[in-house]
Amino acid sequence: MESLHTLLDPRHPDVRIECSMARAEYALRAATMAQAEQLAAIHETLVEARAFPEIFVGPSAGSTQDAVAFAERAAVADLAVRLGLAEQTVRAQAEQARVLRLCAPRVWSAFRAGEVPAANARVVAELAATLPEAAWKPFEDAILEAAAVLATARFRARARSARERVQPQEAAALHRITAQERRVWVDHDIDGMSWLTAYLPSAVAQRATAHIDRSAASLLRAADETRTLAQLRADVAGDLLAGVLGSAAPHVGVSVGVLVPVLTLLGGDQPATLEGYGPIDAATAREMAGHAPSFFRILTDPISGTVLDVDRSTYRVPADLKRWLELRDQTCAFSGCGRRARDCDVDHTIDWAFGGTTSADNLAHLCRHHHRLKHHSRWTAEHGAGGMTWTSPTGAQARPDPPPPF
Ligand SMILES: [Zn+2]
């Protein structure tokens with residue numbers, strides 16, 4: 001019989017393999033427990049922020065509903081900066097912890113003990129969140145055992161059918177509710193290509209979405225319109241593709257900005273910048289600058305930024321400066337926010353009323369959410385050479401995102 005010494009001898013490959021497998025198992029369990037701990041801590045931070053809003057919005061704001069909402073937003077942004085996560089991810093993780101605790105407490109405990117994989121816990125939270133209270137326990141009963149043992153793809157299928165069995169609502173009603181989430185989005189790929197769930201040259205995808213945006217925005221202005229902008233964009237895109245919208249479509253001019261270095265236009269190969277996408281190759285840029293009327297082009301001299309130096313005595317941001325800022329910023333100026341500049345407000349970093357000027361170095365695009373956060377919470381922003389530096393109510397600093405490549 002082999003001695004214990006031989007069984008543990010690392011000179012044997014089977015011993016080494018057994019050890020490394022055990023290490024992997026142990027690490028996975030520790031990572032799962034750590035993931036659950038992160039979710040719990042995020043959730044608890046937001047509960048505290050709602051209970052003590054003054055920490056995030058200052059004592060003068062009181063505990064009104066608005067103060068509580070802004071305190072929560074400020075705390076979400078604070079966590080996002082500290083953890084290097086998107087705000088949406090922070091919110092989603094807090095929500096996941098809240099739902100699991102409330103709707104599937106046994107799955108939550110098993111997840112915290114490292115016994116239910118993080119991906120399966122996420123599936124449980126997503127599905128449980130769509131169920132009414134009466135269905136929570138039957139749903140958890142049906143999936144508890146499978147959550148610990150099935151791989152995520154199989155577990156998802158199992159959990160979906162469990163949800164359908166315990167779901168008291170009609171499929172048609174569910175479709176109506178889910179259809180409210182319809183929307184259009186673009187994912188950018190490499191080499192000047194993008195997905196509008198058609199794989200297209202980015203210039204085409206940007207023009208298409210600009211057209212959809214303008215049409216949706218013009219429909220939104222109708223007095224009796226009840227759909228949201230996101231819903232309208234989805235409806236316009238669907239109608240255009242289905243051929244429903246033809247000549248009846250609202251006729252709107254679209255223009256997409258493209259920033260072309262002068263030397264590129266003369267045959268050089270410095271890349272240009274397509275609004276909402278980033279660098280594109282010189283040949284495509286020359287073609288767009290030469291022939292396509294729907295591209296708004298700005299020729300840049302790399303040295304003279306003087307096009308920015310416009311009338312500083314007015315509060316209103318002149319159209320050409322606004323257009324230039326859209327190209328400069330590309331997105332909301334809050335660290336990590338990806339909202340496109342053209343969907344953002346132009347904010348005076350130092351308030352006009354406090355001596356801030358209407359100039360490029362005091363203006364930045366902020367999405368509605370971050371704009372309001374800046375004005376209604378203790379988040380502060382400062383313009384610097386490399387971009388905006390943000391400081392959270394609890395003192396965390398978000399360094400500026402690197403400037404766009406021009
Ligand atoms: Zn933003």
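Just so you know, ligand 1 is whichever comes first in the structure, and atom 1 is the first atom listed for that ligand.
Of all protein atoms, those that are N, O or S and lie under 2.8 Å from the Zn ion (ligand 1) total 4.
Using a 30° and 60° split on the angle between ring planes, Phe70 and His376 fall in the parallel class, below 30°.
Aromatic ring centres of Phe334 and Trp379: separated by under 6.0 Å.
With salt bridges taken as basic N to acidic carboxylate O contacts below 4.0 Å, one links Arg106 and Asp141.
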Residues 84-94, side-chain donor-acceptor partners within the protein, below 3.5 Å, at least two apart:
unit_1 : atom_1 : unit_2 : atom_2 : d
Glu87  : OE1    : His369 : NE2    : 2.7
Glu87  : OE1    : His370 : NE2    : 3.3
Glu87  : OE2    : His370 : NE2    : 2.3
Arg91  : NH1    : Glu72  : OE1    : 3.0
Gln93  : OE1    : Gln38  : NE2    : 2.8

Under 3.5 Å, sequence neighbours excluded: what are the donor-acceptor pairs made by side chains of residues 190-197?
unit_1 : atom_1 : unit_2 : atom_2 : d
Ser194 : OG     : His188 : ND1    : 2.8
Ser194 : OG     : Ser202 : OG     : 2.8

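Evaluation of the salt bridge (Lys or Arg N to Asp or Glu O under 4.0 Å) test over residues 14-41, restricted to residues two or more places apart or in two chains, returns Arg29-Glu115, Glu37-Arg112.
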